[in-house]
Amino acid sequence: MFPNLSVMWTRWSEYTVVTDRGGAEYLVPAPGASAVSYDCAHES
């Protein structure tokens, strides 16, 4: 669809779930996780 599209994102090698005071849960990078480049437009 978009042959020249390149969208580089950063993802993390590991994640953990944290809960805030209101009880909402969030996915966050785990302590010590490393950043990994990811092209969401590239087919794997």
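Keep in mind the model is a prediction, meaning the values are calculated, not measured. The first residue of the sequence shown is numbered 1, and numbering continues consecutively from there.
- Contact detail for Ser13 and Ala33: the closest heavy-atom pair is OG-CA, 3.6 Å.
- The other members of the hydrophobic cluster of Tyr26, by chain and number, are Val18, Val28 (side-chain heavy atoms under 4.5 Å, ILVMFWY only).
- In terms of the side-chain hydrogen bond (donor to acceptor under 3.5 Å, both in side chains) criterion, Thr16 has no residue partners (sequence neighbours excluded).
- Atom OG of Ser37 is separated from atom CZ of Arg11 by 9.5 Å, given to the nearest 0.5 angstrom.
- Listed by chain and number, the residues in a side-chain hydrogen bond (donor to acceptor under 3.5 Å, both in side chains) with Thr10 amount to none (sequence neighbours excluded).
- Other residues sharing a hydrophobic cluster with Tyr15 under the 4.5 Å side-chain heavy-atom criterion for ILVMFWY residues are Trp12, Val17, Leu27.
- Hydrophobic side-chain contacts under 4.5 Å tie Val36 to no other Ile, Leu, Val, Met, Phe, Trp or Tyr residue.
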